[in-house]
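Contents: one structure, followed by commentary.
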Amino acid sequence: MHPARTASGTPGVPEVPGVPGTRISVVICVYTEERWDDILAAVDSVRTQSLPAQETLLVVDHNTRLLRRLKDHYGDCDDGADADVGAEADADAGAGQRVRVVANVGPRGLSSGRNTGIAGSCGEVIAFLDDDAVAERDWLRHFAAAYADPRVLAVGGRTVPVWASRRRPVWFPEEFDWVVGCSYRGLPPGRVRVRNVLGGNASFRREAFDAAGGFASGIGRDGDKRPLGCEETELCIRLARARPDALLLIDDRAVIHHKVPAARERFGYFRSRTYAEGLSKALVTRSVGAQAGLETERRYTTRVLPAGIARGLRDALLGRAGGAGRAGAIVAGVAAAAGGYLVGAARARRGGPRFTVAAVPDLSAPDLSAPDPSAPDPSAPDPSAPSAHARADDGPARSRHESTHESRHESTSRREGAA
């Protein structure tokens with residue numbers, strides 16, 4: 001059961017000329033106090049949107065101290081009130097200013113956090129923003145405009161990397177920006193139909209989750225601590241199967257700027273992340289079949305990447321910095337991903353790990369703001385062990401519509417990454 005959806009004319013959320021009265025809830029999943037300043041910046045970027053959000057939900061992943069600190073900062077306005085009371089709060093606080101801080105009511109991990117946000121939100125559209133990203137002012141406006149077509153069930157945007165070193169590493173190929181959770185070279189420009197969106201800069205009509213269920217657990221980071229991913233890929237393919245008439249789009253005008261920490265500028269992370277992508281794709285294709293799971297990847301590896309290698313070699317011949325390195329990185333990335341896929345496929349044949357898809361939880365009874373008393377307080381986590389929440393950057397999976405699979409929740413996801 002979802003909270004009541006607000007109707008057009010909700011106080012405090014004005015209709016915008018040229019944009020139907022689409023009510024958008026923004027969900028930001030958070031897990032560590034180390035990103036405190038980033039979290040505040042992400043929320044501020046939502047609060048200053050040209051099309052105000054109905055609300056911003058901060059979903060805290062099993063971190064009691066962070067939950068209390070955010071409640072102290074933004075005020076404890078989540079009292080289990082229904083959408084009508086929430087609408088009145090919007091009117092009082094000003095359009096787009098309302099921030100609700102809630103606890104992840106499911107297992108530790110990004111997928112459960114997102115499902116909590118879906119269930120706790122009131123908007124007819126739910127947008128997701130990474131906790132270390134900031135949205136440009138018209139981000140939500142471009143999302144809302146796409147939903148004027150009732151066939152559209154998901155809209156993603158363009159994610160621009162903000163490198164910790166202040167510039168792209170010379171060896172790092174733009175074709176692999178998905179490694180750090182960003183839009184990559186090879187995506188078509190404009191507003192285009194795609195197979196799947198990137199979870200750190202994406203929105204879904206609520207009925208998409210009614211049709212297909214929530215985000216899957218068991219695909220993302222698990223106990224092996226590898227930066228796995230593909231939750232968004234699997235969900236979008238499953239949605240397309242449940243609703244063959246659905247349109248999934250990316251609009252490159254819906255822009256966010258996403259931080260890339262120094263550790264992810266290194267080749268070791270690049271290699272690990274591409275290998276993990278292969279493992280994840282093997283898990284997805286086990287569920288949805290190779291044709292659905294790899295259709296976009298075939299185009300990417302046979303057209304986009306060869307062109308990237310050619311550009312790198314040409315730059316090397318012209319004496320331009322990094323050309324040979326970029327060509328070599330593309331080859332290494334393909335090899336690592338292929339190796340991961342083969343290993344993942346072999347594990348699958350031996351009855352290895354599986355994922356299942358959770359239904360969006362019924363939050364009509366529990367108090368979302370209450371921390372889970374049975375969960376340990378990870379306020380002082382081991383810095384060498386990445387959180388289960390931290391999102392894995394979804395791989396090259398953005399082109400053309402496909403179809404997919406089923407559901408139910410099973411293992412705790414341990415995700416790492418930035419999109």
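Computed over heavy atoms, backbone and side chain alike; hydrogens, waters and symmetry mates excluded.
Sequence neighbours left out, the pairs with a member in residues 121-141 that pass ring-ring contact (aromatic ring centres under 6.0 Å, His included) are Phe128-Phe215, Trp139-Phe143. Within the structure, salt bridge (Lys or Arg N to Asp or Glu O under 4.0 Å) contacts touching residues 158-168 (residues at least two apart or in different chains) are Arg168-Asp177. Annotation: salt bridge (Lys or Arg N to Asp or Glu O under 4.0 Å) contacts involving residues 326-344, sequence neighbours excluded, comprise Asp315-Arg326.
Smallest separation of non-hydrogen atoms from Gly157 and Ile250: O-CG2, 4.0 Å.
Contact annotation: the side chain of Arg299 approaches that of Val304 to within less than 4.5 Å [non-hydrogen atoms, C-beta and beyond]. Looking at heavy atoms from C-beta onward, Leu58 lies in side-chain contact with Val99 at the 4.5 angstrom threshold.
The salt bridge (charged side-chain N to carboxylate O under 4.0 Å, His left out) search around Arg69 returns Glu33, not counting sequence neighbours. Remark: Arg151 pairs with Asp149 by the salt bridge (charged side-chain N to carboxylate O under 4.0 Å, His left out) rule, at least two apart or across chains. By the side-chain contact (heavy atoms from CB on, under 4.5 Å) test, Thr302 is found to be paired with no residue, residues two or more places apart in sequence or in another chain being considered. Residues satisfying the salt bridge (charged side-chain N to carboxylate O under 4.0 Å, His left out) criterion with Asp44, sequence neighbours excluded, are absent altogether. Shown here are the side-chain contact (heavy atoms from CB on, under 4.5 Å) partners of Leu40, two or more places apart in sequence or in another chain: Trp36, His73, Tyr74. Qualifying salt bridge (charged side-chain N to carboxylate O under 4.0 Å, His left out) partners for Arg191, counting only residues two or more places apart in sequence or in other chains: Asp251. Partners of Arg311 according to the side-chain contact (heavy atoms from CB on, under 4.5 Å) rule, which considers only residues two or more places apart in sequence or in another chain, are Glu175, Arg185, Ala307, Arg314. Under the ring pair (Phe, Tyr, Trp, His ring centres under 6.0 Å) criterion, Phe204 pairs with Phe209, sequence neighbours left out. Considering only residues two or more places apart in sequence or on other chains, Ala346 meets the side-chain contact (heavy atoms from CB on, under 4.5 Å) condition with Arg349, Arg350.
For Ser183 (side chain) and Thr159 (main-chain N/O), a donor-acceptor pair under 3.5 Å exists by modelled atom type. Side-chain atoms of Asp130 do not come within 3.5 Å of backbone N or O of Asp132 as any donor-acceptor pair. With hydrogens and angles disregarded, a donor-acceptor distance shorter than 3.5 Å links the side chain of Thr116 to the backbone of Val105.
When only modelled atom types and interatomic distance are considered, Ser45 and Arg137 share no side-chain donor-acceptor pair under 3.5 Å. Defined by atom type and a distance below 3.5 Å, a donor-acceptor pair is missing between the side-chain atoms of Asn104 and Ser112. In this structure, a donor-acceptor pair under 3.5 Å is present between the side chains of Ser165 and Glu265.
Centroid-to-centroid, the aromatic rings of Phe172 and Phe267 stay 6.0 Å apart or farther.
Electrostatic pairing of Arg206 and Glu124 does not count as a salt bridge here, judged by no charged N lying under 4.0 Å from a carboxylate O.
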